[in-house]
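Here is the structure we will look at, set down as structure tokens.
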Amino acid sequence: MRFLYIVDLKIIFKYLTLLLFISCVGSVRAQEVGSAYNFLNITSSSKIYGLGGVNISLVDDDFLSADQNPALLGQEMSGQIGLSYMHYLGGSNFASLGYTHSAGEHGAWAASIKYFGYGAMNETDANGNILGKFSPLDMAFTGSYSHDITDRLRGGIDIRLLYSSYAEFSAFALSTDLGINYYDEEHDLSLSFVAANLGGQLKKFNESADRLPIDVRLGWSQSFGSFPVRFSITAWNLCKWKLPYYESGDGTSDGDFEIKESFMSNLFRHLVFSADLISSPNWYIGLGYNYKTRTDMATYHRSFLSGWSVGAGINVKAFKVGVALSQPHVGGTSFMFNLNCSIEDILN
């Protein structure tokens, strides 16, 4: 047992070293200018959205939960079809459809398509004259593969073709996620590392290139003994320590915007905290807190709920239904719905 543990640690170190090198090289370029394609950071899993919107270590039997870490995909999810819908702020509506299947005894693959629509907007010229309306959209076509490296270690890769259309402008890009997960079933301990959104544009909107939001993420999830709650902490945006934001004053014309960039502010804007109740395999309830979301959306009239999210789901025979709610901004509430079904269970 000790020999296997040491072997696992050596393999983890080797893969982490490789992923860190790849992601850090890409992140240096990405920070030279502002990045686009931030829709890549929006999950298609209502369970993950209810847990703060970012989680790369949650080991589950729903393949939509592997949305942010391909190493969480597994052959135990074979034959699942997942449908997701999200109503975001304003007139934004997002949807996705995916399927996964086993690849031998130690692997799995998945394919999905995601749609991000932002509603109708006025199209204007340089002088502000309204020319009409247009409906911007983004789409992502994803292929995923995972493989068991050892009994406790699994690696995975996502490859995405990205298409964007904004009025008469369009662009294509290619991105990939590289992930690794260590799972100790006996102690219900899950540790993950992901190098996210590596890649670049194949076709530009115009003469200038847009960068992908390259990121490095670490995740921890664990329950303790018979206590029916699993806790998770996810660290993200690790390519850049300083994440300052502006406090929006007191709402008056004389109120000054104050920049916030203390050590504790930067630390907590890198962390997402969550907990989910796992007392039954037939249902779950989850709660998450994302301090970065709260501060990004902050106004002088704060909403207590900003940054918090909640999700719940039930399993009914071959179907899994999940919902999640969040209020990122005092002016709007977002809602997500998931439907997952197993073809094998339906046929049987």
Side-chain angles (χ1 to χ4, degrees), residues 5 8-9 11-12 15-16 19 41 43-74 76-77 108 144 146 148-156 158 177-196 215-238 267-268 270-281 283-293 307-313 315 320 322 324 326 336 338 340:
Y5 177 72
D8 281 346
L9 288 180
I11 296 175
I12 291 174
Y15 274 85
L16 284 181
L19 293 181
N41 294 325
T43 181
S44 58
S45 166
S46 61
K47 178 175 282 190
I48 300 302
Y49 192 66
L51 296 176
V54 186
N55 190 306
I56 65 168
S57 55
L58 193 75
V59 175
D60 195 21
D61 60 355
D62 183 345
F63 96 95
L64 290 174
S65 297
D67 172 74
Q68 296 179 336
N69 183 0
L72 297 177
L73 186 69
E76 65 275 8
M77 306 171 184
S144 307
S146 69
D148 294 336
I149 302 169
T150 70
D151 291 341
R152 294 183 177 182
L153 201 62
R154 180 178 290 171
D158 285 336
D177 293 348
L178 303 174
I180 189 169
N181 173 256
Y182 173 84
Y183 180 57
D184 181 351
E185 185 175 7
E186 180 181 355
H187 299 95
D188 193 27
L189 168 65
S190 175
L191 301 171
S192 288
F193 175 93
V194 172
D215 195 11
V216 172
R217 301 171 183 174
L218 297 172
W220 165 82
S221 295
Q222 188 174 10
S223 62
F224 299 91
S226 59
F227 190 58
V229 177
R230 174 173 48 192
F231 300 94
S232 297
I233 299 177
T234 306
W236 65 317
N237 289 304
L238 298 182
L267 175 63
F268 280 95
H270 284 285
L271 301 176
V272 178
F273 302 91
S274 63
D276 59 313
L277 187 63
I278 53 174
S279 58
S280 170
W283 57 271
Y284 74 89
I285 298 175
L287 180 69
Y289 181 69
N290 189 324
Y291 182 69
K292 187 175 186 300
T293 296
W308 291 94
S309 56
V310 62
N315 300 340
K320 299 175 184 177
S326 179
M336 178 173 278
N338 277 175
N340 184 302

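All values below come from the heavy atoms of this structure, side chains included, with hydrogens, waters and symmetry mates left out.
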Got [X] and [Y] here, is their nearest side-chain heavy-atom distance under 4.5 Å?
X      : Y      : answer
His270 : Leu238 : yes
Lys320 : Asp61  : yes
Leu58  : Lys47  : yes
Tyr284 : Asn315 : no
Ser309 : Leu51  : no
Ser45  : Asp62  : no
Asn290 : Trp236 : yes
Leu271 : Ile233 : yes

Rounded to the nearest 0.5 Å, what's the gap from [atom1] on [X] to [atom2] on [Y]? Could you check?
X      : Y      : atom1 : atom2 : result
Asp67  : Thr43  : CG    : OG1   : 4.0 Å
Asn69  : Ser65  : CG    : OG    : 11.5 Å
Arg152 : Thr150 : CZ    : OG1   : 8.0 Å
Leu64  : Leu73  : CG    : CG    : 10.5 Å
Asp276 : Leu287 : CG    : CG    : 10.0 Å
Phe273 : Ser232 : CZ    : OG    : 11.5 Å

For side-chain contact (heavy atoms from CB on, under 4.5 Å), just list the numbers for Val59 and Leu72, CA-CA rounded to whole Å, side-chain angles, deciding distance to a tenth of an Å, and then say yes or no.
CA-CA 6 Å; Val59 175; Leu72 297 177; 4.3 Å; yes
Review point. Any luck finding a side-chain donor-acceptor pair between Ser192 and Ser57 under 3.5 Å?
Key: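 Absent: no donor and acceptor within the cut-off.
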| Do any N or O atoms from the side chain of Gln222 and from the backbone of Leu191 form a donor-acceptor pair under 3.5 angstrom? |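 Not confirmed, Gln222 side chain does not pair with Leu191 backbone.
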Keeping the roles fixed (side chain from Asn338, backbone from Ser46), state whether a donor-acceptor pair exists under 3.5 Å.
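Yes; at least one donor-acceptor contact below 3.5 Å.
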Notebook entry, point to check: Within a reach of under 6.0 Å around CD of Glu76, are more than 12 heavy atoms found that belong to other residues, nucleotides or ligands?
Noted result: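 More than 12 within 6.0 Å, yes.
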What's the verdict on side-chain contact (heavy atoms from CB on, under 4.5 Å) for Ile56 and Phe193, showing C-alpha distance, side-chain angles and the deciding distance? CA-CA 8 Å; Ile56 65 168; Phe193 175 93; 5.8 Å; no
Contacts of type ring pair (Phe, Tyr, Trp, His ring centres under 6.0 Å), residue Tyr291, not counting sequence neighbours:
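With sequence neighbours excluded, Tyr291 shows a ring pair (Phe, Tyr, Trp, His ring centres under 6.0 Å) to no residue whatsoever.
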With Ser274, which of Ile48, Thr234, Asn55 fulfils side-chain contact (heavy atoms from CB on, under 4.5 Å)?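 Checked Ile48, Thr234, Asn55 against Ser274; only one passes side-chain contact (heavy atoms from CB on, under 4.5 Å): Asn55.
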